[in-house]
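For reference, positions follow the sequence shown, starting with 1.
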Amino acid sequence: MFEFINAKYKDIVDIPQLTINEGLTVLLGPSGSGKTTVIRMLNKMISPTEGTILFYGTDLKEVKSVEHRRNVMTLMQSPAMFEGTIRENLTIPFRFQEKELPDDQTLRGVLENVQLDKNLDTPVHQLSGGEKQRVALGRVILCNPTVYLLDEPSSALDDATEDVIINLVASHVKTDHKSAVMVTHSKAVAEKYADEIIEMAGGRITGRRTLNERDY
């Protein structure tokens with residue numbers, strides 16, 4: 001899926017060779033190990049200062065950033081919420097792209113998928129952190145990308161909500177035959193959900209493990 005070839009970003013990341021396969025891959029390592037920098041390069045938020053990153057064989061330098069981000073979408077630690085209702089937050093990508101908006105039945109189905117029992121007209125400022133993260137996840141699901149990039153998507157949540165959010169992502173990836181790259185510093189989370197674990201430290205790849213396929 002992704003391939004790094006002598007890819008560096010300043011003095012932060014140095015990856016001579018790495019292939020990230022389809023499925024759910026976890027980047028595991030302590031804070032400052034370069035995990036988020038890798039995620040940002042995968043989404044073309046930044047570009048390697050040296051070397052090449054391929055996406056299904058195509059150099060990311062040759063791919064338009066806006067087009068790439070429609071196929072490879074990021075769910076951040078603190079989800080971007082816009083003033084207004086849940087409905088408006090779910091449909092904002094479609095309005096930006098001047099596409100036909102999903103109908104309310106579709107939107108309610110997404111809320112059900114992310115286990116958020118709220119009215120579409122609920123203002124997002126009334127939601128908890130975990131509820132906002134579910135709205136953000138629902139928004140990404142509606143956009144139907146090929147790859148999900150998850151940068152510590154539950155770091156601000158309590159343990160119970162964290163497990164729900166990551167389980168929802170993992171289930172969606174498996175059920176809809178998508179792929180995901182998830183950043184975490186939690187070995188327990190990595191071993192519970194990953195198809196493959198890539199360990200990082202000091203901006204370098206220090207280990208790799210393939211886990212057996214499992215039911216999420």
Side-chain angles (χ1 to χ4, degrees), residues 24 26 35-36 39-46 63-186 189 192-193 216:
L24 202 163
V26 169
K35 306 183 303 297
T36 293
I39 287 287
R40 295 179 70 197
M41 288 195 289
L42 296 181
N43 196 38
K44 291 202 70 177
M45 295 175 70
I46 56 175
V63 180
K64 293 181 179 179
S65 297
V66 172
E67 177 183 325
H68 181 67
R69 290 178 193 139
R70 290 174 183 169
N71 291 320
V72 180
M73 299 191 71
T74 304
L75 184 65
M76 303 300 290
Q77 294 181 19
S78 300
M81 291 286 108
F82 301 89
E83 186 176 351
T85 65
I86 290 176
R87 179 189 290 103
E88 290 167 327
N89 272 266
L90 288 174
T91 59
I92 199 164
F94 297 86
R95 286 184 274 128
F96 280 156
Q97 298 172 30
E98 298 183 345
K99 291 183 176 181
E100 182 179 355
L101 302 184
D103 59 31
D104 281 3
Q105 182 177 351
T106 300
L107 299 180
R108 283 191 288 267
V110 166
L111 292 186
E112 184 177 343
N113 286 343
V114 299
Q115 298 180 22
L116 181 58
D117 185 16
K118 293 288 183 180
N119 190 291
L120 289 168
D121 293 319
T122 302
V124 292
H125 69 79
Q126 296 180 3
L127 303 179
S128 68
E131 289 168 341
K132 289 177 181 177
Q133 192 67 288
R134 295 185 204 204
V135 172
L137 175 57
R139 185 166 58 206
V140 172
I141 290 172
L142 277 169
C143 292
N144 195 33
T146 302
V147 182
Y148 296 82
L149 303 177
L150 311 165
D151 186 8
E152 298 270 15
S154 56
S155 62
L157 308 178
D158 60 70
D159 290 345
T161 307
E162 173 189 52
D163 197 58
V164 169
I165 293 294
I166 297 179
N167 187 64
L168 287 169
V169 173
S171 297
H172 179 70
V173 166
K174 182 174 183 179
T175 301
D176 283 32
H177 307 289
K178 302 290 186 178
S179 292
V181 182
M182 181 170 69
V183 164
T184 186
H185 61 272
S186 170
V189 167
K192 183 174 181 179
Y193 293 104
Y216 290 107

- Could you tell me whether Asp103 atom CG has more than 12 heavy atoms of other residues or ligands within 6.0 Å of it?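 Yes, because the 6.0 Å sphere around CG of Asp103 holds more than 12 heavy atoms from other groups.
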- Neighbour count above 12 (heavy atom, 6.0 Å) for Gln97 CD: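 Above 12, so yes.
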Kindly give the heavy-atom pair with the smallest separation between [X] and [Y], and that separation in Å.
X	Y	value
Ile39	Leu149	O-CD1, 3.7 Å
Val140	Met73	CG1-CB, 4.2 Å
Arg87	Leu107	CG-CD1, 3.7 Å

- Going through the distances and angles, do Thr122 and Leu127 end up as a side-chain contact (heavy atoms from CB on, under 4.5 Å)? CA-CA 8 Å; Thr122 302; Leu127 303 179; 4.1 Å; yes
Answer yes or no: is there a side-chain heavy-atom contact under 4.5 Å between [X] and [Y]?
X	Y	value
Leu90	Pro102	no
Met81	Arg139	yes
Leu111	Leu120	yes

Is there a donor-acceptor pair under 3.5 Å between the side chain of [X] and the backbone N or O of [Y]?
X	Y	value
Glu88	Thr85	yes
Asn119	Asp121	yes
Asn89	Phe82	yes

- Task: Quick one: which residue pairs count as a salt bridge (Lys or Arg N to Asp or Glu O under 4.0 Å) with a foot in residues 69-84, not counting sequence neighbours?
- Result: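 Salt bridge (Lys or Arg N to Asp or Glu O under 4.0 Å) check on residues 69-84 returns no pairs.
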- If you measure only the distance, is there a donor-acceptor pair under 3.5 Å linking the side chains of Lys192 and Asn167?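 Judged by distance alone, the side chains do not pair up.
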- Task: State whether a side-chain donor-acceptor pair under 3.5 Å links Asp151 with Thr36.
- Result: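 Thr36 and Asp151 do have a side-chain donor-acceptor pair below 3.5 Å.
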- Message: With ring-ring contact (aromatic ring centres under 6.0 Å, His included) as the rule and sequence neighbours excluded, what pairs involving residues 94-150 come up?
- Response: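 The answer is Tyr148-His172.
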- Message: Checking Glu98 now: which residues fulfil side-chain contact (heavy atoms from CB on, under 4.5 Å) with it, not counting sequence neighbours?
- Response: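 Applying side-chain contact (heavy atoms from CB on, under 4.5 Å) to Glu98 gives none.
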